[in-house]
Number of protein chains: 2
Amino acid sequence: MAGSERGPRERMVFSAAQLIRRHGVDATGMRDVAAHAGAPRGSLQHYFPGGKEQLVGEALRWAGRYAADRVARFLAAMERPTPSGLFGAMVGQWTDEYERAGFAAGCPVAAATVDCAASSEATRKAAADAFAAWTRPVADALTGMGVPEARSEPLATLMISALEGAIVVARAERDVRALTTVARELGPLLDAAAPRA
Amino acid sequence: MAGSERGPRERMVFSAAQLIRRHGVDATGMRDVAAHAGAPRGSLQHYFPGGKEQLVGEALRWAGRYAADRVARFLAAMERPTPSGLFGAMVGQWTDEYERAGFAAGCPVAAATVDCAASSEATRKAAADAFAAWTRPVADALTGMGVPEARSEPLATLMISALEGAIVVARAERDVRALTTVARELGPLLDAAAPRA
DNA sequence: GAGCTACTATGACGACTGTCATAGCGAGGG
DNA sequence: CCCTCGCTATGACAGTCGTCATAGTAGCTC
């Protein structure tokens, strides 16, 4: 998850996502992003002439791709994939981070939605696209595990909703309890939808 | 949900919650709160000497109580309460609002968590208390419906997590799809945990 | 070397923000 | 009448924000 060998533009997008994860969109300043990325302040208007809205949008697109890549990676690492196994891996990524690095950061897409859904149509749409980019591979994976097509997308939405909500509750409580709970309670329901699993 | 007949102090707390619901904590200014409440600006420092942190904290406490009251109200309105019925009512409150008034607002507790969990310990704790004040009556209700004590709290956490996540997804998508999905998919699982329901 | 292009550097602008200081109001009680 | 007390009113402060204007540098090509 490190990003210091790429170009300054990518580093700023990455840093924006990281800072939004921690403090939300409004509390993340452009100067902070440049400083966090080790990039010159003057590069902001050069690479992002669309201003903060463009930078946030690209950070969300980055987050959507990242989440989708993680899903693919989880699947590749499982010799015998099951819905509960995939969900457990998705949840486990968050419990691992929280136990290792503390509860400072959440999901950047959720943060952008909370801060900007009512004020910036462009950012709201970027968040929706990020959720879509994340939901699609999860639904496809469920289908590949034998879940009927008609239920794959609803179950993927359930998985992502429960995960997002549990992230919020866990950060508020500073306890991974909510995350481990949703993984444990939802596992059997998910596996029951995949007959040949 | 109107609050114009109470005193100015209560109105400001209520207005703070409403504005946080829409724009997050950072984008909600103290002057905006006073204006929205129709209260004089000078009253802010008089009623909330602890500043913005105090006002946000009281708004979250208000939100926690409000959510708990709604749970009690839902239960009272059901002649034969079931877990899926309660969850459906909780979700329905949000789908109703979104279809009636648009997707401008989310949950103030989630918004405060996203914006302040890493920056204000007092606000983070207020959010955790609000979640606890909401979870407890839900868990108690489940127990009253026949859910074993050991599973009531985990299931209540699952309900609230799924609801909170679905709210975020629904606001991003400007579509109640995620909300109706979690209600439909989670209903049978919840009822299966209440043998005598 | 001139000229063009990509990128960097820096100061300024106006519009906010939360907080504070100070003063003013009106009613109630001595 | 005066004094206090709850509440209001308003201007100011220091700080930060996103954005812009302008200038400067490095590297490339002709």
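Letters A, B, ... are given to chains in the order of the sequence lines, protein chains preceding strands, and every chain is numbered from 1.
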Hey, are Gln54(B) and Glu58(B) close enough side-chain-wise for a donor-acceptor pair under 3.5 Å? yes

Using 30° and 60° as the class boundaries, would you call the ring planes of Tyr98(B) and Trp94(B) parallel, tilted or perpendicular? tilted

Among residues 46-59 of chain B, which ones have heavy-atom contacts with DNA chain D below 4.0 Å? His46(B), Tyr47(B)

Could you check whether atom CD of Glu99(A) has more than 12 heavy atoms from other residues, nucleotides or ligands sitting under 6.0 Å from it? yes

Do any of residues 109-126 of chain A sit with a heavy atom less than 4.0 Å from DNA chain D, and if so which? none

Whether Lys125(B) and Glu173(A) form a salt bridge (side-chain N of Lys/Arg under 4.0 Å from carboxylate O of Asp/Glu) is what I want to check. no

Spacing of Gln45(A) atom CD relative to dA12(C) atom P, expressed in whole Å: 16 Å

Examine distances only and state if a side-chain atom of Arg9(B) and a backbone atom of Tyr47(B) form a donor-acceptor pair shorter than 3.5 Å. yes

Using side-chain hydrogen bond (donor to acceptor under 3.5 Å, both in side chains) as the criterion, point out the one residue from Asp140(B), Thr143(B), Thr135(B) that pairs with Ser152(B). Thr143(B)

Least distance between heavy atoms, Lys52(B) atom then Thr28(B) atom: NZ-O, 2.9 Å

According to side-chain hydrogen bond (donor to acceptor under 3.5 Å, both in side chains), who are the partners of Ser15(A), at least two apart in sequence or on a separate chain? His36(A)

Hey, is the main chain of Pro108(A) close enough, under 3.5 Å, to the side chain of Arg21(A) for a donor-acceptor pair? no

Separation of dC7(C) atom P from Met12(A) atom CE, nearest Å, is 10 Å

Below 4.0 Å from chain A heavy atoms, what is the first contacting nucleotide of DNA chain D and what is the last? dC17(D) to dA21(D)

Examine distances only and state if a side-chain atom of Arg22(B) and a backbone atom of Ala118(A) form a donor-acceptor pair shorter than 3.5 Å. no

Identify each donor-acceptor pair in which a side-chain atom of residues 155-162 of chain A lies under 3.5 Å from a protein atom, sequence neighbours left out, and give them as a table.
residue	atom	partner	partner atom	Å
Thr157(A)	OG1	Glu153(A)	O	3.1
Thr157(A)	OG1	Arg177(B)	NH1	2.8
Ser161(A)	OG	Thr157(A)	O	2.9

Any donor and acceptor pair, going by atom type alone, linking the side chain of Asp191(A) with main-chain N or O of Ser84(A) inside 3.5 Å? yes

More than 12 non-hydrogen atoms from neighbouring residues, nucleotides or ligands closer than 6.0 Å to CZ on Arg184(B), yes or no? yes

Quick one, which residues of residues 24-42 of chain A touch DNA chain C with a heavy atom under 4.0 Å? Arg31(A), Pro40(A), Arg41(A), Gly42(A)

